[in-house]
Each structure stands twice: as structure tokens, then as C-alpha cells.
Amino acid sequence: MENTKPVKLILEDGTEIQGQSFGAFTSAAGEVVFSTAMTGYPENLTDPSFAGQILVLTYPMVGNYGVPGEELYESISKIFESDKIHIAGLVVNYYSEEHSHWAAAKSLGDWLKEYNIPGIFGVDTRMLTKKLREKGAMLGKIVAETDVPLHDPNLDNLVAQVSPPGVQHYGSGQHKIVLVDCGTKTNIIRCFLERDVELIRVPWDYDFTTLDYDGLFLSNGPGDPKMCEATIQNLQKALQQDKPIFGICLGSQLMGLACGGDTFKLKYGHRSHNQPVKLTGTQHCYITSQNHGFAVDTATLPAEWTMLFENLNDGTCEGIKHKTKPFFSTQFHPEAAGGPQDTEFLFDDFLQAVVEYKNGQVQTK
């Protein structure tokens, strides 16, 4: 590639990696994490759960299919997982300046420039990923002309930064669902709208217990779940009732905290489209899309709660459920985007629980 400028990736342990700039020629700091997904960078980069993170993509060639143009579905994006890029920076091995795809509207580099996000290519991402697996996720920075200090995004309330400022309404279906938006992916909204619901999307700290609804949904989102004290307090009130509750990713961690359990930070997190999980008590295994750095500590769950799914790579909790009430969660992403759609049926299970609740037939699955 011609006319590129040199930049550095610097890690908190002092490691310096020389590379070339693409995207915005600027400096940025964050937590350096990796994803082993082979495709789906338009979805990943717009996932609010990546807020504050410098993302390393392990697939060796990135940018070859460009970035699609925007399309709307029910006033939300049909293509992307939010209305902007959320990563702090992007690290790749080989950046393909030339792109070719029937839906492409621009290059990945131009897209990053629009949001002032730096990228660095020419990096040995295999070596870097091995380092992050051995030592864990690290703080780091991409340095262009001006240096910046290291910054730990987990010390910030990232959820407050990505959650919407007000209440939004979608659809007019027969079931009224409140979605607590802690950084929701747009495909979660699409999955609900395709199932004929009325969706009320509220900010992370909104007291949804004052609303009339049939079911409660807790979204994914970035950072440490313990930062979401207002959400946890509102959820504790909801758990005293019998209305069905479904949580995804951060929503699972919030449910674990609200019921009296604890969460912990994973060494390097789960960020991929190929994580195997097993439904507890069965031999059913599903391949899932994941993006999280924290998990529920199942040893701290109260007696009336149990693990619903288990990660078959490291044995960590991939979801919890109440033994007698219609409350359940998944640490993975049933809505995919990108990734496999093996577990999208969980949206149907949740809405079936809503029907049973409305008919006075609440029962444990």
C-alpha cells in the first residue's frame, strides 16, 4: 500500500509493535482484546460491547469485502449493530485496501476515518494473540504522531456512554416487552420485531418497574457489570414478581448480581463466532457467537438459581435460570450478527413464557 504512515501498538508490559496506519491517523488507548471470528467486522465494530477496546482480529486478511451501505428496518439499521463504530482502535495483519462485494459502499479504512478510529496493519496478530492468551487482556495504545496515556475503560461506566438518552417505542404486537438498553445490538431489536411484539426500549438506569409490560429483556453491553448499580436495583424489584425475564451477555451478569450472586473478569474473554456451549443436564451442544470479558460465578448463586449453559472450552457459566420462576439468561448471543443462529429459538422460548404468564400458567422449563 502506498503513502502509508508508520504507527506503533504499545502494550502495558512495554511491548512495542511497529505497523502501518489505516483509518484515522490518530492515537487512541484502551483494552487490547482479540476476536477469532473469520467474518463480520461491520457487525463487530458497531457492537457497543466493544466500547473502549482496541480490537485485534485474528483472521489474517481484513477489509477485502469493504463496508455495506446503510439500510433501515423499522427506523433501525438493517445492516449494523448500532449507529456508529464503538471500538477504540483496530489491529490486523493484512489490510486489503481494494475491496470487492456487491453490497460494498466504502472501504474499511474510509469507514474508520469517518469516526476518527485508528487502525494498524502489518502486525503479527498470531504472536499478539498468543501473548494476550498467556498474560490476559492488556491495556494498550495505538500511537501515531502524538502519544497518549494508557487508559483502563473498565474503570468507566461504559454502559452510561452507549445507552440511549430516552425511551423509544417499536412495533405494535400483542406482547409488550421492555428492553433495558445497556448497549444493545440492533439485531436483538430485529429478532423481537420479527416476532410481533411491542417493544419499549429504555435507558440503562430507567426505572422500568413503573411501566406496564408483559416481559422484561436485559441487553448486552460493555464493561464491568458492577458499574450498573441502578439497573441492578431495578432488576432486584422485578425479580420479586413473576413476569418473565430474559437476559443476554451483560444482561446475564446483571441478573446474576441482582439475584445475589457475583461476577468476575475472565483472563482474556470470549470473542468469537464458534464458542461451544452445553445445555446443563443434557448432551445438547450449540455453537454460539460471543463477546464478553466478564462472567457469573456460579458458586455464588443462591439455592433457587442454577447454571443453564456451560462453556465447553473453559467450563465457565454461559447462562443462568431460576428454578421456579420464568427468569433465564445466556452469556452468548442468540441473535448472532455475526455468527451462527443455532440458539435464536431462545427468543421464542421467552415469548412462550410470556404467553404462559399472561394465561396464568407460569411454570419452570
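These figures come from a predicted structure and were not determined experimentally.
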Taking 4.0 angstrom as the limit, do [X] and [Y] come out as a salt bridge?
X      : Y      : value
Lys265 : Asp224 : no
Lys176 : Asp214 : no
Lys106 : Glu114 : yes
Lys321 : Glu304 : no
Lys78  : Glu43  : no
Lys135 : Glu12  : no
Asp124 : Lys131 : no

* To do: Tell me, with the steps shown, if Glu344 and Arg195 meet salt bridge (Lys or Arg N to Asp or Glu O under 4.0 Å).
  => CA-CA 12 Å; Glu344 191 177 321; Arg195 287 165 172 80; 3.1 Å; yes
* Asked: Can Leu235 be reached from Phe217 by stepping across I, L, V, M, F, W or Y side chains whose heavy atoms are under 4.5 Å apart?
  -> no
Measuring from atom [atom1] of [X] to atom [atom2] of [Y], what distance do you get when rounded to the nearest 0.5 angstrom?
X      : Y      : atom1 : atom2 : result
Ile248 : Thr184 : CD1   : OG1   : 7.5 Å
Ile85  : Leu108 : CD1   : CG    : 7.5 Å
Gln331 : Phe294 : CD    : CZ    : 11.0 Å
Leu132 : Thr58  : CG    : OG1   : 11.0 Å
Ser35  : Leu57  : OG    : CG    : 6.0 Å
Trp111 : Leu90  : CH2   : CG    : 10.0 Å

Restricting to non-hydrogen atoms, name the atom on [X] and the atom on [Y] that form the minimum distance, rounded to 0.1 Å.
X      : Y      : value
Pro42  : Tyr65  : CD-OH, 3.8 Å
Gly183 : Val162 : CA-CG2, 3.7 Å
Leu216 : Phe350 : O-CZ, 3.5 Å
Lys278 : Leu312 : CB-CD2, 3.8 Å

Short side-chain donor-acceptor distance under 3.5 Å, [Y] and [X]:
X      : Y      : result
Asp156 : His151 : yes
His292 : Asn220 : no
Asp47  : Asn291 : yes
Thr324 : His322 : yes

I'd like to know if the side chain of [X] and the backbone of [Y] have a donor-acceptor N/O pair within less than 3.5 Å.
X      : Y      : result
Ser163 : Val159 : no
Thr300 : Asp297 : yes
Glu31  : Asn154 : no
Asp152 : Gly30  : no
Ser21  : Lys5   : no

* Asked: Could you go step by step and tell me if Ser172 and Glu198 meet the side-chain contact (heavy atoms from CB on, under 4.5 Å) rule?
  -> CA-CA 5 Å; Ser172 56; Glu198 177 185 351; 5.6 Å; no
* Passing option when Gln290 is tested against His273, Glu318, His333 for side chain to side chain donor-acceptor pair (under 3.5 Å) -> Glu318
Are more than 12 heavy atoms, taken from residues, nucleotides or ligands other than [X], located less than 6.0 Å from that residue's [atom1] atom?
X      : atom1 : result
Met127 : CE    : yes
Gln341 : CD    : no
Lys237 : NZ    : yes
Glu229 : CD    : no

Would you please indicate if the ring centroids of [X] and [Y] are separated by under 6.0 Å?
X      : Y      : value
Tyr41  : Tyr59  : no
Trp305 : Phe328 : no
Tyr94  : Phe121 : no
Phe246 : Phe327 : no

* To do: Take Phe332 and Phe309, measure what ring-ring contact (aromatic ring centres under 6.0 Å, His included) needs, and give me the verdict at the end.
  => CA-CA 9 Å; Phe332 52 87; Phe309 291 96; 5.0 Å; yes
* Option passing salt bridge (Lys or Arg N to Asp or Glu O under 4.0 Å) with Arg190 (candidates Glu74, Glu335, Glu81) -> Glu81
* For Asp110, all residues meeting side chain to side chain donor-acceptor pair (under 3.5 Å), sequence neighbours excluded -> Ser107
* Kindly determine whether Tyr170 and Phe192 satisfy ring-ring contact (aromatic ring centres under 6.0 Å, His included), including the steps that lead there. => CA-CA 10 Å; Tyr170 306 90; Phe192 275 120; over 10 Å; no
* Would you sort out whether Glu16 and Lys8 count as a salt bridge (Lys or Arg N to Asp or Glu O under 4.0 Å), showing the intermediate values? => CA-CA 7 Å; Glu16 292 192 12; Lys8 288 182 180 180; 3.1 Å; yes
* Using 30° and 60° as the class limits, which term best fits the ring planes of Tyr95 and Phe22: parallel, tilted or perpendicular? -> parallel
* Can you say whether the rings of Tyr286 and Phe345 are parallel (under 30°), tilted (30 to 60°) or perpendicular (over 60°)? -> tilted
